[in-house]
There are 2 protein chains.
Amino acid sequence: MPFPQTEIPGRLQSQLSERGVRMTAQRRAILSVIETAKKHLDASSILRKAQKMDATVDRSTVYRTLELLKRHGAIDELDLMHMEGERHFYERKTGRDHLHMACLRCGKITEFESELFEDLKKQLERDCRFHILVARLEVGGYCAACRK
Amino acid sequence: MPFPQTEIPGRLQSQLSERGVRMTAQRRAILSVIETAKKHLDASSILRKAQKMDATVDRSTVYRTLELLKRHGAIDELDLMHMEGERHFYERKTGRDHLHMACLRCGKITEFESELFEDLKKQLERDCRFHILVARLEVGGYCAACRK
DNA sequence: ATCTAGTTGCGACTTAGTTGCAACTAGAAC
DNA sequence: GTTCTAGTTGCAACTAAGTCGCAACTAGAT
């Protein structure tokens, strides 16, 4: 996941406030969990971590907040090839899109940015006259370490 | 979805038989539903349609058969940007990969094949030394008709 | 200090998919 | 054709993931 060293903590929160989104203690807890995540988190991990900061946070608030963040284009939702279960994972949306490679043997998730990915999106915008809001490219297979 | 006019009906079935997969009446029904689908179907639509051919087909058999087909690389699983609900959609896997564009306004799904997509996959294989088994590119946004 | 539209926790619910098990069966071996 | 067995099935009960209606609460504007 993208952890730009330049990211200011609380950036996500102020970004939303500026957009007129009301801030609550529960939202602050959830946002800070997402902002400081060291790996891709699913809804129930976000809930668990958020409850450590504010014990009142409820499951439904997490889902509602994730919906809100998706609508505002602040996070991306991933499936990571549904390697275990059907849950979704979330990550902060940063400037540039990247794709996810999921190793089906060791479970490692690798991210990759590519100019070709950008070109492909441009091609869709142009040739299909499709206005892209989200683009999700997930690849399943074997990583360098797992392929013999 | 890809409906190659050249596809021989029952092709999927013989492809699996050759691989040593045991054929049952239930599997034949499910395979024929998938082969003749005119649009992307989810598990419960496949169940409903398969039951019209063989009333004994059970939900769990559909899920188990979809698992089998995925393992054999005979079908691809799609999320279609989870536009409504969390269910998955399935389509026959044909030679060439294609991407799916989902219009978030009208719900239309458009498929697109692109040399750039192939190039991008080649880049991953080469630069990341990642052995690709499945590649799923889904795009959400507004189609030509819905963008003003 | 007041007001209200937006937000919350709760609990009950839905939807999608999984599992253990006894009964059944495809297809290989004779 | 008969036998045999590993693979497959339906069933019913279950889990996991997410949704929703509603009364109570509250952020932030006035």
Side-chain angles (χ1 to χ4, degrees), chain A residues 10 13-31 33 40-72 74-75 77-90, chain B residues 10 13-31 33 40-72 74-75 77-90:
Chain A
Q13 187 180 316
S14 46
Q15 187 183 311
L16 289 163
S17 293
E18 278 157 31
R19 296 259 237 143
V21 172
R22 194 188 284 190
M23 260 322 125
T24 63
Q26 293 86 342
R27 282 186 183 170
R28 267 187 286 270
I30 294 167
L31 296 184
V33 168
H40 298 102
L41 300 177
D42 65 0
S44 65
S45 319
I46 293 172
L47 173 62
R48 238 178 308 110
K49 284 168 182 282
Q51 283 179 333
K52 287 184 187 160
M53 314 182 66
D54 178 341
T56 75
V57 178
D58 188 73
R59 192 159 44 108
S60 61
T61 301
V62 170
Y63 283 114
R64 290 193 273 232
T65 303
L66 290 171
E67 254 319 295
L68 179 84
L69 295 173
K70 271 196 281 175
R71 270 207 315 282
H72 282 274
I75 56 168
E77 186 175 63
L78 310 171
D79 292 285
L80 301 182
M81 295 322 267
H82 315 112
M83 281 192 304
E84 16 147 5
E86 299 298 318
R87 59 187 183 278
H88 297 129
F89 297 87
Y90 301 89
Chain B
Q13 187 180 316
S14 46
Q15 187 182 312
L16 289 163
S17 294
E18 278 158 32
R19 295 259 236 143
V21 172
R22 196 189 283 192
M23 260 321 125
T24 63
Q26 293 87 342
R27 283 186 182 169
R28 267 186 286 269
I30 295 167
L31 296 184
V33 167
H40 297 101
L41 300 177
D42 64 359
S44 65
S45 319
I46 293 172
L47 173 62
R48 238 178 307 110
K49 284 168 183 282
Q51 283 178 332
K52 286 185 186 157
M53 315 182 65
D54 179 341
T56 75
V57 178
D58 186 72
R59 191 158 45 105
S60 61
T61 301
V62 170
Y63 283 112
R64 291 193 272 230
T65 303
L66 290 172
E67 255 316 297
L68 179 84
L69 294 174
K70 272 195 280 174
R71 271 205 316 280
H72 283 273
I75 56 168
E77 186 175 62
L78 311 171
D79 292 285
L80 300 182
M81 293 324 265
H82 314 112
M83 282 194 303
E84 16 144 7
E86 299 298 320
R87 60 187 182 278
H88 296 129
F89 296 87
Y90 300 89

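From a predicted model like this one, the values you see are computed outputs, not experimental measurements. In the text below, chain A, chain B and the rest are named by the order of the sequence lines, each starting its count at 1.
- The nearest whole Å value for the distance from the CD atom in B:E77 to the P atom in C:dG17 is 8 Å.
- The nearest whole Å value for the distance from the CZ atom in A:F89 to the P atom in D:dA16 is 14 Å.
- Remark: A:H88 is not in phosphate contact with D:dA17, judged by side-chain N or O atoms under 4.0 Å from OP1 or OP2.
- B:H72 pairs by the ring-ring contact (aromatic ring centres under 6.0 Å, His included) definition with nothing, not counting sequence neighbours.
- To the nearest 0.5 Å, the span separating CD1 on B:I46 from CD1 on B:I75 amounts to 7.0 Å.
- One finds a side-chain N or O of B:R27 lying less than 4.0 angstrom from the OP1 or OP2 phosphate oxygen of D:dT9.
- Closest contact between the side chain of A:R64 and the listed nucleotides C:dT8, D:dT19, D:dG10 involves C:dT8.
- With rounding to the nearest 0.5 Å, the separation of OG1 in A:T61 from CD in A:Q51 is 10.0 Å.
- At a cut-off of 3.5 Å, with distance as the only test, no side-chain donor of A:H88 or A:D42 sits close to an acceptor on the other residue.
- Nucleotide C:dT15 holds its C1' atom 14 Å from the CZ atom of B:R48, rounded to whole Å.
- Between A:L66 and A:E77 there is no side-chain heavy-atom pair separated by less than 4.5 Å.
- With a 6.0 Å radius and a threshold of 12 heavy atoms from other residues, nucleotides or ligands, A:K49 has its NZ atom at or below the threshold.
- As rounded to whole Å, 10 Å separates atom C1' of C:dT15 from atom CD of B:E86.
- Residues from residues 50-63 of chain B that place a heavy atom under 4.0 Å from any atom of DNA chain D, listed by number: B:T56, B:V57, B:D58, B:R59, B:S60, B:T61.
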Q | Contact letters for nucleotides 22-30 of chain C, in which S counts primed atoms plus P, OP1 and OP2 and B counts the base, heavy atoms under 4.0 Å | A | ---BBS---
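- At C:dG17, none of the side-chain N or O atoms of A:H82 fall inside 4.0 Å of OP1 or OP2 (strictly under the cut-off).
- Here the CZ atom belonging to A:R64 is positioned 7.5 Å from the CG atom belonging to A:D58, to the nearest 0.5 angstrom.
- Between B:K70 and B:E67 there is a salt bridge, since at least one side-chain N of the basic residue sits less than 4.0 Å from a carboxylate O of the acidic one.
- OP1 or OP2 of D:dG10 sits under 4.0 Å from a side-chain N or O of B:Q26.
- Regarding A:L16, its CG atom lies at a distance of 15 Å from the C1' atom of C:dG6, rounded to whole Å.
- Between B:H72 atom NE2 and D:dG7 atom P there is a gap of 12 Å when expressed in whole angstrom units.
- A:Q15 CD to A:L69 CG: the interatomic distance, rounded to the nearest 0.5 Å, is 9.5 Å.
- In this structure, A:L47 places its CG atom 11 Å from P of C:dC10, rounding to the nearest Å.
- Straight-line distance from the CZ atom of B:R19 to the P atom of D:dG7: 16 Å, rounded to whole Å.
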